[in-house]
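Below is one structure; the comments refer to it alone.
In each ligand, atom 1 is the first atom listed, and ligand 1 is the first ligand listed. A quick note: this is a predicted structure, and the numbers were derived from the prediction, not measured.
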Amino acid sequence: MTASMSGAPLLAAENLIKTYGGAPALAGVSLTVRPGESLAVMGASGSGKTTLLHCLAGIIPPDAGRVRLFRDTAPPLEVTALNDDARSALRRREFGFVFQQGLLIPELTAGENVALALMLDGTPRPQAEQAAANALADLGLAGMAERRIGELSGGQAQRVAIARAQVTGARMLFADEPTGALDSRTSAEVMERLLRTVQGTGRALVVVTHDSEVARWCGRIITLADGVVVADTSGAAGIRR
Ligand SMILES: Nc1ncnc2c1ncn2[C@@H]1O[C@H](COP(=O)(O)OP(=O)(O)OP(=O)(O)O)[C@@H](O)[C@H]1O
Ligand SMILES: [Mg+2]
């Protein structure tokens with residue numbers, strides 16, 4: 001977690017192209033995300049935001065172009081060259097995800113949801129539960145580990161999702177409309193928590209959002225239109241730095 005906050009990239013995409021039935025969803029997108037950086041992706045509905053996030057995170061393979069993950073101790077990993085199994089393992093170990101809703105398991109408690117991220121990758125249950133309790137406490141949810149997801153507010157549930165995304169030690173966090181179901185005050189709280197897990201930690205965040213208030217929390221904002229980047233500007237976090 002000591003990588004420099006500038007210079008070396010953490011994730012780099014080159015000329016990503018993805019076409020569905022003849023219509024390009026991504027028509028050549030390149031970007032670099034550095035440790036400590038938060039990047040918001042904006043754009044109209046259908047402009048390619050989710051497709052971009054899914055290509056960056058190894059959820060779907062692009063038709064062309066490449067994504068590389070840079071790590072401290074190893075040569076860059078070419079995400080786009082991995083097979084399905086290797087991409088799943090990479091997502092479990094090195095990437096964290098926060099989506100609008102639906103990724104937490106309602107039948108499980110907050111603590112179990114977070115611990116599961118570690119147990120899926122072989123951490124024994126007692127250690128996983130301890131790490132989950134710590135991660136929840138870091139996000140202001142001490143004492144809520146035993147509650148089921150349905151017994152939490154929307155903002156609290158998103159903080160559980162953030163805890164789960166980071167408990168594995170993942171350095172690259174991806175979020176798709178993480179505040180899409182929240183009111184503006186709760187959105188600000190969730191964004192603040194999300195950014196706190198990135199700033200000064202060597203992690204980085206790519207967050208898709210329709211909400212310019214949410215985007216402004218980030219260091220950089222790119223805007224997509226018809227699958228290409230049409231704007232690339234500093235956000236509030238960028239100005240503060
Ligand atoms: N699995 C798919 N099959 C076919 N077309 C798809 C698929 N996924 C996305 N598309 C198309 O690709 C384009 C980009 O979609 P994408 O989901 O990336 O947009 P978006 O910017 O995330 O939109 P929204 O803001 O509505 O979530 C759209 O025209 C969409 O219909
Ligand atoms: Mg989308």
Shell of residues surrounding ligand 1, defined by a 4.0 angstrom heavy-atom cut-off that is strict: Tyr20, Ala25, Ala44, Ser45, Gly46, Ser47, Gly48, Lys49, Thr50, Thr51, His210
Is any side-chain N of the basic residue among Glu94 and Arg71 closer than 4.0 Å to the acidic one's carboxylate O? yes
How about CG on Asp211, more than 12 heavy atoms from neighbouring residues, nucleotides or ligands closer than 6.0 Å, or not? yes
Going by an N to O cut-off under 4.0 Å, is there a salt bridge joining Arg66 and Glu14? yes
Look at Thr50 and state whether any of its N, O or S atoms is less than 2.8 Å from the Mg ion (ligand 2). yes
When you measure from the side chain of Arg147 to the backbone N and O of Glu151, does any donor-acceptor pair fall under 3.5 Å? yes
Contact summary for Asn15 and Gly28, nearest pair of heavy atoms: OD1-CA, 3.3 Å
State plainly whether the residues Glu112 and Arg164 are in salt-bridge range, i.e. N to O under 4.0 Å. no
